[in-house]
Engineer: 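Got a structure here, written out as structure tokens. Questions coming.
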Amino acid sequence: GSCPTAPRRPPSAPRCGWAIGILTQRPSMAMKKRLGLFLLTCPRWFQDLLAVKFFVTSKLYNDAHAPDDVRPALLQTLRRLQLKQLDLYLMHWPVSVRVDTDGSWTDVGAVPVEDTWKAMEDLVDEGLTRAIGVSNFGPQRLAALLRSARIAPAVNQVELHPALPQWELLRFCQHHGVHVTAYSPLGSPQRPARHRRTDF
């Protein structure tokens with residue numbers, strides 16, 4: 001039966017395909033809460049979804065880089081998604097800042113990436129995520145992390161498209177066995193230029 005409290009899907013959309021679309025959208029707080037409410041109020045629909053294997057990824061936000069904040073941030077994500085484990089947890093940016101509603105960045109205090117990564121490695125040990133990775137890391141920042149990491153990043157998610165091919169970064173990741181996934185594969189002219197830097 002239908003669930004009036006759940007977000008609508010087009011009548012012609014496949015059940016699981018539509019669900020995967022939600023799961024792979026930008027992991028905003030509103031989306032997580034919306035999906036969590038949907039799964040809570042539609043258990044029969046969720047059982048159909050569980051019959052299909054899907055890969056769930058979320059990100060550690062920029063203002064939760066302090067080691068003591070890493071685990072609570074992931075637990076909050078798991079509660080909202082009603083899951084016990086993620087497939088992949090990414091460090092969103094290699095800088096500890098807050099992104100304000102107007103798109104500006106506010107420094108919330110320097111936290112070494114290596115300290116944040118150690119806390120993320122503990123999440124793998126605890127079984128809260130199957131793998132960990134990074135996002136928006138350039139070759140230099142990634143090389144520094146690899147030198148100290150106990151668990152190497154499984155993924156580096158970056159903006160990648162014909163106008164921003166990032167050949168050096170691709171070669172570096174391939175050499176070190178770090179899988180590259182692309183966001184904005186058709187470009188992102190609406191994003192501020194500082195968000196498209198490749199020298200992080």
Side-chain angles (χ1 to χ4, degrees), residues 19-28 31-32 35 50 52-97 111-161 164-185 188 195-200:
I20 291 170
I22 289 180
L23 291 169
T24 55
Q25 287 188 34
R26 186 175 181 178
S28 65
M31 183 58 69
K32 290 175 186 174
L35 177 60
L50 287 176
V52 176
K53 176 62 179 176
F54 54 90
F55 194 94
V56 181
T57 301
S58 190
K59 292 182 177 179
L60 177 70
Y61 206 55
N62 305 331
D63 59 356
H65 278 208
D68 289 342
D69 293 336
V70 172
R71 186 176 185 273
L74 176 55
L75 291 177
Q76 184 180 62
T77 292
L78 292 174
R79 283 195 300 270
R80 287 171 175 161
L81 294 177
Q82 299 183 57
L83 296 172
K84 295 181 179 180
Q85 183 188 59
L86 292 181
D87 291 294
L88 177 64
Y89 198 43
L90 302 177
M91 189 186 308
H92 198 166
W93 288 91
V95 288
S96 52
V97 300
V111 178
V113 167
E114 293 76 13
D115 292 351
T116 305
W117 188 254
K118 289 178 182 178
M120 294 179 67
E121 291 174 328
D122 291 341
L123 302 177
V124 177
D125 296 337
E126 194 175 347
L128 296 175
T129 182
R130 293 175 57 218
I132 49 179
V134 297
S135 181
N136 302 299
F137 272 55
Q140 294 183 351
R141 184 79 74 167
L142 191 54
L145 179 59
L146 286 169
R147 285 194 293 270
S148 65
R150 176 170 57 89
I151 301 175
V155 169
N156 186 15
Q157 184 190 80
V158 296
E159 182 174 351
L160 193 67
H161 47 75
L164 188 63
Q166 303 216 56
W167 296 119
E168 179 187 357
L169 177 60
L170 277 174
R171 287 190 293 268
F172 181 90
C173 289
Q174 289 170 353
H175 178 74
H176 290 278
V178 179
H179 181 74
V180 175
T181 60
Y183 65 80
S184 301
S188 59
H195 291 184
R196 297 197 296 274
R197 289 171 51 190
T198 60
D199 58 344
F200 280 115

Engineer: Nearest 0.5 Å please: distance from the CD atom of Gln166 over to the NE2 atom of His161.
Structural biologist: 8.0 Å
Engineer: If I take atom CG from residue Leu78 and atom OG from residue Ser58, how far apart are they, to the nearest 0.5 angstrom?
Structural biologist: 8.5 Å
Engineer: Atom OG1 in Thr181, atom CG in Leu88: separation rounded to 0.5 Å?
Structural biologist: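 Between atom OG1 of Thr181 and atom CG of Leu88 there are 8.0 Å.
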Engineer: For Val70 and His65, which heavy atoms make the closest approach, and how far apart are they?
Structural biologist: CG2-O, 4.1 Å
Engineer: Give me the atom names and distance for the closest heavy-atom approach of Val113 to Arg141.
Structural biologist: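 The pair with the smallest heavy-atom distance is CG2-NH1, 4.0 Å.
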Engineer: Show the nearest heavy-atom pair for residues Pro67 and Ala119, with the distance to one decimal.
Structural biologist: O-CB, 3.8 Å
Engineer: Looking just at side-chain N and O atoms, do Asn136 and Tyr183 make a donor-acceptor pair shorter than 3.5 Å?
Structural biologist: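 Side-chain D/A pair, Asn136 to Tyr183: present.
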Engineer: Between Leu74 and Leu60, is the side-chain contact (heavy atoms from CB on, under 4.5 Å) condition met? List the steps.
Structural biologist: CA-CA 7 Å; Leu74 176 55; Leu60 177 70; over 6 Å; no
Engineer: Any pair with a residue in residues 127-140 that passes salt bridge (charged side-chain N to carboxylate O under 4.0 Å, His left out), sequence neighbours left out, goes on the list, sorted by first then second residue, please.
Structural biologist: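 Sorted result for residues 127-140: Asp87-Arg130.
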Engineer: Count the heavy atoms belonging to other residues, nucleotides or ligands that lie under 6.0 Å from CD of Gln85, then report whether that count exceeds 12.
Structural biologist: yes
Engineer: Out of curiosity, Thr77 OG1 to Leu128 CG, how far, rounded to the nearest 0.5 Å?
Structural biologist: 11.0 Å
Engineer: Rounded at 0.5 Å granularity, tell me how far OG in Ser148 sits from CG in Asp115.
Structural biologist: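 Nearest 0.5 Å value for the OG-CG distance: 9.0 Å.
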Engineer: Main chain of Leu123, side chain of Thr129: is a donor-acceptor contact present, judged purely on distance under 3.5 Å?
Structural biologist: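 Not a single qualifying donor-acceptor pair exists.
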Engineer: Using modelled atom types only, decide if a donor and an acceptor are shared between the side chain of Glu121 and the backbone of Ile151 within a distance under 3.5 Å.
Structural biologist: yes
Engineer: State whether the side chain of Trp117 and the backbone N or O of Leu146 hold a donor-acceptor pair below 3.5 Å, judged by distance alone.
Structural biologist: no
Engineer: Output side-chain donor-acceptor pairs under 3.5 Å for residues 169-179, partner residues at least two apart or in another chain, one line each.
Structural biologist:
none

Engineer: Which pair of heavy atoms, one from Pro94 and one from Ser135, lies closest together, and at what distance?
Structural biologist: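 That closest heavy-atom pairing would be CD-O, 3.9 Å.
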Engineer: Look only at the side chain of Ser96 and the backbone of Val111, and say whether a donor-acceptor pair between them is shorter than 3.5 Å.
Structural biologist: yes
Engineer: Any donor-acceptor pair under 3.5 Å linking the side chain of Asn156 with the backbone of Phe137?
Structural biologist: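 Between the backbone of Phe137 and the side chain of Asn156 there is a qualifying donor-acceptor contact (under 3.5 Å).
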Engineer: So, using side-chain hydrogen bond (donor to acceptor under 3.5 Å, both in side chains) as the criterion, who are the partners of Arg150 when residues are at least two apart?
Structural biologist: Asp125
Engineer: Is there a side-chain contact (heavy atoms from CB on, under 4.5 Å) between Leu86 and Leu81 once you walk through the steps?
Structural biologist: CA-CA 10 Å; Leu86 292 181; Leu81 294 177; 4.3 Å; yes
Engineer: Output the distance between atom CH2 (Trp167) and atom CG (Leu160), rounded to the nearest 0.5 Å.
Structural biologist: 8.0 Å
